[in-house]
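The structure appears right after this line, and notes come after that.
Chain letters run A, B, ... following the sequence lines, proteins first, then strands; residues in each count from 1. Here the structure is a predicted model, which means the values were calculated and not measured.
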Amino acid sequence: MHSSSSARWAILDKMALDENIYNLRKDKLRQIEALGQFAYPYKYEPTHSIPEILTQYGEKPAEQLEANRVDVRVAGRIMAIRLMGKAGFAHIQQQGQRLQIYVKKDAVGDKGFELYKLLDIGDHVGVRGYLFRTRTGELSVHVEELTFLAKDLLPLPEKWHGLTDVELRYRQRYVDLFVNPEVRDVFVKRSQIVKAIRAFLDARGFIEVETPMMQPIAGGAVAKPFITHHNTLDIDLYLRIAPELYLKRLIVGGLERVYEINRNFRNEGISTRHNPEFTMLEFYQAYADYKDLMDLTEEMLSSVAREVSGSAITKFGEHEIDWTKWERLSMREAIIKFWPEAAGAKPEMSDFATQQSMDALVKRLNAHHHPHMPYDPQDPVGKTIAAMFEHLAEAHLIQPTFIYDFPLAVSPLSKNKREPEERAEWVERFELYVAGMEIANAFSELNDPEEQRRRFEQQLVERARGDSEAHQMDEDYIRALSYGMPPTGGEGIGIDRLTMLMTGSESIRDVILFPLLRPEKQSVPEDAESAEA
RNA sequence: GGGCGCGUAGCUCAAUUGGCAGAGCAACUGACUCUUAAUCAGUAGGUUGAAGGUUCGAUUCCUUCCGCGCUCACCA
């Protein structure tokens, strides 16, 4: 325990570090070297992985293994170890799966057994030997040669309860991943989901592209951006809140089917459903409208669910989500459907038409229904309708449900409805809700550059009114539209939330490997600090 | 940001009305050549998140702060 090492401990101080254990294990490592092993060897050549051994020999009866001896070399991390005098058992783990090894002094020799006695839970080893079944029938490796591969200098979580401290799990995901197999499973599944989506879109002629993460104007969504700075150009840039406007520029450029799966950054709250950086799929298809996208979405998500879960039904909390049963409701229909009885007669479609009728509707609702929906009479009618929908309906939308036809006031990038009587106030847009969560947002893309300019100008008015999230003017985007964009449908799907639904994870932090946390305090003792200052 | 809850050994948790801070696992020493939560014997491990207050006495009660979780708001 030299004082010079104290800085090294500082950051690990609170995080399950026992300096004594660390030093004891370093000493064991020296003893292992003294036995002729490398402390940090360069490679090991296994003949099988543990999962391979389990699938190939997991069912083989003991007699067969005896009759045709199977020699293997296999490596893994020790997850359990039992020593009994001159023999012992251990379980080694690879890819979340465990295999038992049997180490007998007679079989591995004095030095081999000395090494075995110096091993700790968490160490990496390679073993050469043959497969057999123990008296209880467990497939095991009868070890003839033990090779040390790497030492775990830090103690692992207690073996019954494992790593349960939620903060530690997120901070030390590297431990979480090998200690909790179900955590590993979630991230393997996440990878399969993304892979399945790519395969689905690739098969339909989409090409995958990458567009700027750092943008001079944070557009394509309504959200607060992160700001960063480029030194040489001496300009502020925004981390993108959406790739939308760039992807549509590509549609103008003739890349008729494009998609991007990548990170968005929004400088907003953190919750079980929100991480400041999150992954979105956005895809755009020329010559398609929003109805086409609903069909495509149904097809895509039901096939992804089937591929990844082996079933179109996934469990999420209390709910069973059936990815083959889709509902479609207009936003106004949803408000009517979930209108609370206490608030009197259900609204008529005409109630959504004017400022006065909406005002009356909100007052009737808030007079009888708690909690009150937030309401600013100065807001455009459309904004109030959208707020009412979220207030009344969102939480009820458990099975996959498309909510379509949004107010123009909350949709600066969507195309007006084609029906003449609704053109002025409504747009062709839908959102997909599952388990009360919004997981997709799509529309027939507005491709009239002059209408787009008017929409941006309206957003600037909202901005002046104090809505800091209202969309900024993007002249280059209008210029791009002015070159002519074909009719196009575009959609964004939240990959993190989709993964939550398909893996039964009720927090977004359980599907993001390293969710944003407050930085760890570096707890250096105060007197040590002042002594060195 | 608001509300609720939690913080005790490396880990998971106890501690009676406010009365000597404990257990299991992990660690260390010893025994044990088919164990699997191995077993048996022994040893060590603590500024009870921090500071202050009440009290003869605080892990326990009060205040403030710090950290974390849940939840509401904002949002996808």
Looking only at the side chains, is there a donor atom on one of A/Glu327 and A/Thr401 sitting less than 3.5 Å from an acceptor on the other? no

Hey, are A/Lys189 and A/Glu182 close enough for a salt bridge, meaning a charged N less than 4.0 Å from a carboxylate O? no

Using a 4.0 Å heavy-atom cut-off, does A/Glu431 contact any base of the nucleic acid, only the sugar-phosphate backbone, or nothing at all? nothing

Can you tell me which stems RNA chain B forms when a stem means 3 or more consecutive Watson-Crick or G-U pairs under 3.5 Å? B:1-7 with B:66-72, B:10-13 with B:22-25, B:27-31 with B:39-43, B:49-53 with B:61-65

Heavy atoms under 4.0 Å, any strand shown: does A/Asp27 hit a base, just sugar-phosphate, or nothing? nothing

Check this for me, if you would: do A/Glu431 and A/Arg429 make a salt bridge, where the nitrogen-to-carboxylate-oxygen distance has to be below 4.0 angstrom? yes

Using a heavy-atom cut-off of under 4.0 Å over every strand shown, decide if A/Thr272 touches base, sugar-phosphate, or nothing. sugar-phosphate

By the 4.0 Å heavy-atom rule, please label A/Gly494 as base, sugar-phosphate, or nothing. nothing

Classify the side chain of A/Gln100 and the base of B/U35 as holding, or not holding, a donor-acceptor pair under 3.5 Å. yes

Would you classify A/Phe265 as touching base, sugar-phosphate or nothing, given that sugar-phosphate means primed atoms plus P, OP1 and OP2, and contacts are heavy atoms under 4.0 Å? nothing

Regarding A/Asn441, tell me which of base, sugar-phosphate or nothing describes its non-hydrogen contacts under 4.0 Å with the strands shown. nothing

Could you check which of B/A76, B/C34, B/A27 has an atom nearest any side-chain atom of A/Phe278? B/A76

Among residues 82-89 of chain A, which ones have heavy-atom contacts with RNA chain B below 4.0 Å? A/Arg82, A/Leu83, A/Met84, A/Gly85, A/Lys86, A/Ala87, A/Phe89

Rounded to whole Å, how long is the line connecting atom NE2 of A/His391 with atom C1' of B/A73? 13 Å

Strictly distance-based, threshold 3.5 Å: is any side-chain N or O of A/Glu491 a donor or acceptor partner for the main-chain N or O of A/Phe443? no

N/O (side chain, A/Arg273) to phosphate O (OP1/OP2, B/C74) under 4.0 Å: no

Is it the case that A/Tyr477 and A/Lys248 place a side-chain donor and acceptor less than 3.5 Å from each other? yes

Ignoring hydrogens and angles, state whether a donor on the side chain of A/Arg133 or A/Gln64 is under 3.5 Å from an acceptor on the partner side chain. no

Distance only, no hydrogens: is a donor on one side chain within 3.5 Å (strictly under) of an acceptor on the other, for A/Tyr170 and A/Asp510? yes

Listed nucleotide nearest any side-chain atom of A/Arg135, set B/A27, B/U35, B/A76: B/U35

Do the rings of A/Tyr102 and A/His142 sit parallel, tilted or perpendicular, given the 30° and 60° boundaries? perpendicular

